[in-house]
Amino acid sequence: MDDNKVRVLIVGAGLGGLVLAILLEKAGIPYLVFERAIKVRPLGSAMFVNCNILPFFEQLGIYDDVRALAKQVKYTQVLNHNMEAIGGIDASETEERSGYPSLIVQRPELYDLLLKMVPKDKVHMNHRVLSIKQDESIVKIRFSDNSEAQGDVLVGADGVYSAVRQSLFRQLQLKGELPKSDQQDLTYSHICLVGTTLPADPARYPMVLEDDCKHTILMGDKAPYSLWCFTIPGNRICWNLTIQLKKELSKNDDAFRNSEWGPEATESMCNEVKDFKSPYGGTLGDLIDITPKDLISKVMLEDKLFQTWTSGRVVLMGDACHKMLLSGGQGAINAMQDAIVLSNNLNELRGNKLDEISAALKHYQQSRYRHAEFNVNASKQLGKALMGQTMMEEFFRRLTLNYIPKFLVRKMLDRSGAYRPQSTILPSISERGIVKVLPQAVPLRHGATSSSSKCKDVDGRMA
Ligand SMILES: Cc1cc2nc3c(=O)[nH]c(=O)nc-3n(C[C@H](O)[C@H](O)[C@H](O)COP(=O)(O)OP(=O)(O)OC[C@H]3O[C@@H](n4cnc5c(N)ncnc54)[C@H](O)[C@@H]3O)c2cc1C
C-alpha cells in the first residue's frame, strides 16, 4: 500500500458505498465504511441493470454471477384496469445493439455478492453519523455514541436523507454559500409498497416458468395506482405498487408527520390495497399472501438533483446528491457510476493537500453531473408515462407507448446506453455492441489543483 494515498471515510454501506469500498480496496487506498444499520436490508426487491453498469461488473469479474441472479427483460407490457393491453416498451433489440441484455436482478443477492468483496474489518456496522467537521488538514465525523473518526476525504454515501449532506449544507448556509435550490426540502408525490414472494405455484402463475422476465404493469382505475410485476429466478415474483398523492409532500409537512411508517404502517397499507387487481390475474392480496412480511416495505419516492456535491474534503454520491424516481430504474446504477468515477479520481491523489483534494472532488462532480441530471429528468418523464394518473399523464402514456416511431425509441435507448464508465483501477474491457459508446472520463491527474471549466466531459464536450 502506498503510504502517500489519501485516507477515505465512507458513510453508508448501500450499493454506492459498497462499490466505492471495493474499488478503494483494489486500489490499495486506505478506507473505512460506517453504516448506521446493524444489517443492511436492501429496499426494492428487484433491480434493473443494463449496459450502463454491466461492463463494470465484467471488469470486476462478476458479470456471469449477476446474470445467474437475473432474468432478461425484452418487453414491458402495460395494461389498463380491465386487463386490456394499452401498449408496451419493446427492448428486444437491446442486447444486439448495446452488447448487453437488460436484466432484472434479485437485489439482496446482488448486494451480498458485492458485500463479500469488502473485507469484514473495513465495514463498521451500527455506526450512525450525526455530524461532520473539516479544516485545512483533516475531516472528522462524529457518531451517535459521541465517538469520532478522521480522514483526508469524507464520502457521504448515506442515501436520500444523508446526514453528511445535512451537516455540510448547514455549514455552507451559515457562510451564505448554499444555492437556493439546495435549501429547499426534498419532496415526494408517490408512495410505494414493494415485496418479493416466496416461490410461486406455477399452476397459478405459469409466467414464473418462462426464461425471460415477464414484466407487466397494471394501471389502476378508481385508485391512482400502478402495479408493476416482474418474475425473477427461483419462480419468485417481485411487485411494486405505486400510489400517486394528490399533492407533493415533504418530511416537514403535517401530512407526513401524521402518516405512519415502519412495519405496522406497512401491514395496514397491505390491508388497504389487497383488493387491487394484479397484472398477473387475481389481486395484489394473492401476491401479498405468498410474500414474507419482512420482504415487504413501504417507501416514499422522492426526486431531486442537488447542485452542491462537494465542498473542501467532503463529497456526496448516490441518492445523497441525486435522487431519482424508480421508474427509470437508474438510481442504484447512478450510485455505482458515481463510485467508479469518484474512485478513479481518488486514485490519482497523493498526500493530503486540501487544494488538490478539493479539485479532484470537483472534477468528479463535473464528470458526473450532466449524466445524473439526464437520468433524474428521464425518470420523471417515464414516471409520468408509467405511474401518472392525471388526464394529461394518461394521454402522455398512450402517446409514449403507442405513437413514438420505432427509430426514435431506438435512438433514445441508444443514447441512454452510450454512457458506460469504467474503472481505471481495474483492467479495462473492450466495447461490445453496435452502439457508439461515449469516451471514458479522464480523472484529474495528480498534482493538478484546478478542475476548471476547461475539463472535458465524457463525451468530449466542455463540462
Ligand atoms: C422500490 C424501489 C425500487 C428501485 N428500483 C431500482 C432499480 O430497478 N434500479 C436502480 O438502479 N435503482 C432502483 N432504485 C433506487 C435505488 O434503490 C437507490 O437509488 C440506491 O439504493 C441508492 O444507493 P445509495 O448507496 O446512494 O443509497 P442507499 O442505498 O440508500 O444506502 C445508504 C446507506 O447509508 C446508511 N445511512 C444513512 N444514514 C446514515 C448515517 N447517518 N450514518 C451511517 N449510515 C447511514 C443507510 O442505512 C444505507 O445503508 C429503487 C428504489 C426503490 C425504493
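In this chain, numbering begins with 1 at the start of the sequence shown. Just so you know, ligand 1 is whichever comes first in the structure, and atom 1 is the first atom listed for that ligand.
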If you count the atoms of ligand 1 from 1 in the order shown, which ones are under 4.0 Å from a heavy atom of [X]?
{"X": "Leu15", "result": "25 (O)"}
{"X": "Gly12", "result": "33 (C), 34 (O), 35 (C)"}
{"X": "Val194", "result": "1 (C)"}
{"X": "Ala157", "result": "32 (C), 33 (C), 34 (O)"}
{"X": "Gly318", "result": "26 (O)"}
{"X": "Gly14", "result": "25 (O), 29 (O), 31 (O), 33 (C), 49 (O)"}
{"X": "Gly16", "result": "25 (O)"}
{"X": "His127", "result": "42 (N), 43 (C)"}

### Query
Checking side-chain contact (heavy atoms from CB on, under 4.5 Å) for the pair Phe230/Val73: CA distance, chi angles, key distance, verdict?
CA-CA 9 Å; Phe230 316 84; Val73 191; 5.8 Å; no
### Message
Going by side chain to side chain donor-acceptor pair (under 3.5 Å), name the pairs with one or both residues in residues 153-165, residues two or more places apart or in two chains.
### Response
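The answer is Asp158-Ser162, Tyr161-Glu302.
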### Task
Kindly assign one of parallel, tilted or perpendicular to the pair Phe34 and His127, based on the angle between their ring planes and the thresholds 30° and 60°.
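The arrangement is tilted - the two ring planes meet at 30° to 60°.
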Of the backbone atoms (N, CA, C, O) and the side-chain heavy atoms from C-beta on, which set of [X] has a member under 4.0 Å from an atom of ligand 1: side chain, backbone, both, or neither?
{"X": "Asp319", "result": "both"}
{"X": "Phe34", "result": "backbone"}
{"X": "Lys323", "result": "neither"}
{"X": "Glu302", "result": "neither"}
{"X": "Ala163", "result": "side chain"}
{"X": "Ala320", "result": "neither"}
{"X": "Val11", "result": "side chain"}

Decide whether [X] and [Y] meet the rule of one side-chain donor and one side-chain acceptor closer than 3.5 Å.
{"X": "His190", "Y": "Thr242", "result": "no"}
{"X": "Ser423", "Y": "Gln59", "result": "no"}
{"X": "Thr196", "Y": "Trp239", "result": "no"}
{"X": "Thr283", "Y": "Asp275", "result": "no"}

### Message
Applying side chain to side chain donor-acceptor pair (under 3.5 Å) to Asn52 and Gln337, what does each step give before you reach the verdict?
### Response
CA-CA 8 Å; Asn52 298 124; Gln337 290 173 336; 5.2 Å; no
Any nitrogen or oxygen of [X], main chain or side chain, under 3.5 Å from a nitrogen or oxygen of ligand 1?
{"X": "Ala37", "answer": "no"}
{"X": "Ala335", "answer": "no"}
{"X": "Ile333", "answer": "yes"}
{"X": "Phe48", "answer": "yes"}
{"X": "Glu35", "answer": "yes"}
{"X": "Val160", "answer": "no"}

### Task
May I have the step-by-step check of side-chain contact (heavy atoms from CB on, under 4.5 Å) for Val208 and Arg236, ending in yes or no?
CA-CA 7 Å; Val208 296; Arg236 296 162 73 201; over 6 Å; no
### Where at least one partner belongs to residues 270-309, residue pairs that pass ring-ring contact (aromatic ring centres under 6.0 Å, His included), sequence neighbours excluded
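Qualifying pairs, neighbours excluded: Phe169-Phe306, Tyr225-Phe276, Trp309-His322, Trp309-Tyr364, Trp309-Tyr369.
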### Query
Is Arg107 near ligand 1, meaning one of its heavy atoms is under 4.0 Å from it?
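Within the 4.0 Å threshold, so yes.
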### Query
Measuring from the heavy atoms of Met324, does anything fall under 4.0 Å of ligand 1?
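Outside the 4.0 Å threshold, so no.
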### Message
Taking the six-membered ring of Phe56 as reference, does the cationic atom of Arg420 (NZ for Lys, CZ for Arg) lie under 6.0 Å from its centre and within 45° of its axis?
### Response
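The answer is no; the distance or angle limit is not met.
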### Query
What's the verdict on side-chain contact (heavy atoms from CB on, under 4.5 Å) for Val33 and His124, showing C-alpha distance, side-chain angles and the deciding distance?
CA-CA 6 Å; Val33 183; His124 296 263; over 6 Å; no
### Message
Determine whether Glu177 and Gln171 satisfy the following criterion, side chain to side chain donor-acceptor pair (under 3.5 Å), listing intermediate values before the conclusion.
### Response
CA-CA 9 Å; Glu177 290 173 11; Gln171 294 162 16; over 6 Å; no
### Query
Under the side-chain contact (heavy atoms from CB on, under 4.5 Å) criterion, do Asn240 and Leu227 qualify, and how do the steps go?
CA-CA 6 Å; Asn240 281 3; Leu227 179 56; 5.8 Å; no
